[in-house]
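Following: one structure in structure tokens, then a few remarks.
Order of the sequence lines fixes the chain letters, A, B, ..., with proteins taken first and strands second; residue numbering starts at 1 for each chain.
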Protein chains: 2
Amino acid sequence: MQNDCRNCPFHTKDIGTLSENGFDQLSANHLVLKFKKGDTIIKQGMYSTNVVFLRTGLAKIHLAGPYHEQIVRLVKAPTYLGLPTTVGDKINQYSVTAVSDMEVCFIDLNIFRNLLRENEQFSYEIILDLCHNELESFHRCAQRTQKLIRGNMADALLELANNIFMSDKFLLPISQAELANLVDTSRESISRILTEFDKDGIIKINGKEIEILNKKSLTLISLKG
Amino acid sequence: MQNDCRNCPFHTKDIGTLSENGFDQLSANHLVLKFKKGDTIIKQGMYSTNVVFLRTGLAKIHLAGPYHEQIVRLVKAPTYLGLPTTVGDKINQYSVTAVSDMEVCFIDLNIFRNLLRENEQFSYEIILDLCHNELESFHRCAQRTQKLIRGNMADALLELANNIFMSDKFLLPISQAELANLVDTSRESISRILTEFDKDGIIKINGKEIEILNKKSLTLISLKG
DNA sequence: TACACAATGTGATTTATATCACAAAATATT
DNA sequence: AATATTTTGTGATATAAATCACATTGTGTA
């Protein structure tokens, strides 16, 4: 047994609903692996029979668009990485790449299905989580397509500060080129807007470090473009 | 008992996995309602404790964006309409409006939860469905933002022909203004592109009727812009 | 049938942002 | 440390598509 999942400090709350037997199954049938920044965790187009769970670290979910790779979102631990891609198809429909060093659990899909089958509350929590994701997708869709780039850029910075790093000062975890594929714009526009925000005193840039000085302004830009 | 759900011809396959008891619960605790084209089935911001299932007809899922209503997708029966919006929050996070006359089942949320709790296979089918939706959102996100409007327009027409009406000849179910909010463009661009497609012999327009004459061209436009 | 209102077609103009081009910094590699 | 490679900053230019403006057609209704 690799680890006893009962004692794992990297839970999402759904795990807490497992039965004793469920915990035993999970403990006996998962693999904890370390990845380095830049490593591929899940590769679009590859066959996979594991549900992937991110214990620690930061990852990007991305997939091939018609012209370039599209980053769908950045996600931080603890979270599932490969639920839809594994549970639905066996062929991964998207890629997941490590944005920081990280630890990941691989859980055999059959075991995971068993857990779902034998643990109603667990199953329900997963449903809640998936519903939540779908709602988020809807909102993102409406926001991204209607806003100007400045607005989407403001969103991205606020998301990083509020939901990823929980701090108004952070190191940009991805390059401007990647940021462009997340915000749906060009690399050049990202650069220009960052300098502009800096000049306007909304943020302070110091190499890769970004500090949000005026969150109100940024929020306003997010709302009004 | 309104209907015996065992005999309902408008199932999705998940329903087939219910136990006898599950069928009895569902049969006793749902309401079948008729709606007319244009009626609101689910209203963003309203409180709701029902899971909504579309038996017959066509609906649009939409929500408020920063500048205008965003249509996220058109859906046709049979399908759930209000899973994420009800199961997650009690406040609806999006609206659903009838695009054709339709019949809808309202299922009490507590009953639905019971069904999930007591029917593992049913629960698993729902999870599969939600995973599938998430994957679709990812792909849509990559496609919509990277393609030119002609490409997105081609997609919309192909979607209507292949997945909604199952025919290359159909009546546009929504106005050009609504189409614009689905394809992420302006009403005028929709009009221009439709005429252009018609002039190029790719489609034939006859009032609200559209016939796809050259699906290959349309597919090519969808891929290459 | 007539009237009002909504939906559509189409030209002219404006605009946000992509693209191109290249210099400057930063980072990695030998 | 020196060189190569990637990343970033910024001006000039091009362009897809929005917006504006208005005519036309379609649809519902009094």
- prompt: Hey, are B/D101 and B/K37 close enough for a salt bridge, meaning a charged N less than 4.0 Å from a carboxylate O?
  reply: no
query: What is the distance, rounded to the nearest whole Å, between atom CG of A/L179 and atom P of D/dT7?
result: 13 Å
query: Salt-bridged, A/R144 to A/D184, with N to O below 4.0 Å?
result: yes
query: B/K147 has an atom NZ; how far is it from atom P of D/dA17, in whole Å?
result: 13 Å
- request: Starting from P on C/dA21, measure out to CZ on A/R192 and report it in whole angstrom.
  value: 15 Å
- request: Give the rounded distance in Å between these two atoms: CG of A/N152 and P of C/dA18.
  value: 11 Å
Any A/T185 side-chain N or O less than 4.0 Å from OP1/OP2 of C/dA18: yes
query: In Å, rounded to the nearest 0.5 Å, how long is the span from OG of A/S217 to CD1 of A/I212?
result: 11.5 Å
query: Between A/I149 (CD1) and D/dA17 (P), how many Å, whole number?
result: 14 Å
message: Less than 4.0 angstrom between a side-chain N/O of A/Q176 and OP1 or OP2 of D/dT6, yes or no?
response: no
query: To the nearest Å, how far apart are B/R150 CZ and D/dT15 C1'?
result: 15 Å
field: Geometric class of the B/F106/B/F35 ring pair [parallel <30°, tilted 30-60°, perpendicular >60°]
entry: tilted
Below 3.5 Å between N/O atoms, which protein atoms pair up with nucleotides 24-30 of chain C? Just atom names and distances, please.
none

task: Check if the side chain of A/R187 and the base of C/dT17 share a donor-acceptor pair of N or O atoms closer than 3.5 Å.
output: no
- prompt: If you check the B/L148 side chain, which of C/dA16, C/dC20, D/dA16 turns out closest?
  reply: D/dA16
- prompt: Looking at B/I42, B/T85, B/N92, which hits side-chain contact (heavy atoms from CB on, under 4.5 Å) with B/S48?
  reply: B/N92
Pairing of A/D168 and A/K215 as salt bridge, 4.0 angstrom limit: yes
query: When we call it a touch if two heavy atoms are under 4.0 Å apart, what does B/T195 touch: a base, just sugar-phosphate, or nothing?
result: sugar-phosphate
- request: Would you kindly give the CD-to-P distance between B/Q146 and D/dA16, to the nearest whole Å?
  value: 17 Å
message: Regarding A/S175, tell me which of base, sugar-phosphate or nothing describes its non-hydrogen contacts under 4.0 Å with the strands shown.
response: sugar-phosphate
Single hit among A/H62, A/K60, A/K43 for side-chain hydrogen bond (donor to acceptor under 3.5 Å, both in side chains) with A/T97: A/H62
side-chain N/O A/S189 vs C/dA18 OP1/OP2, d < 4.0 Å: yes
statement: Residue pair A/S186/B/E188 against DNA chain C: nearer the 5' end by closest nucleotide is B/E188
task: Using atom CZ of B/F197 as one end and atom P of C/dT10 as the other, report the distance to the nearest whole Å.
output: 15 Å
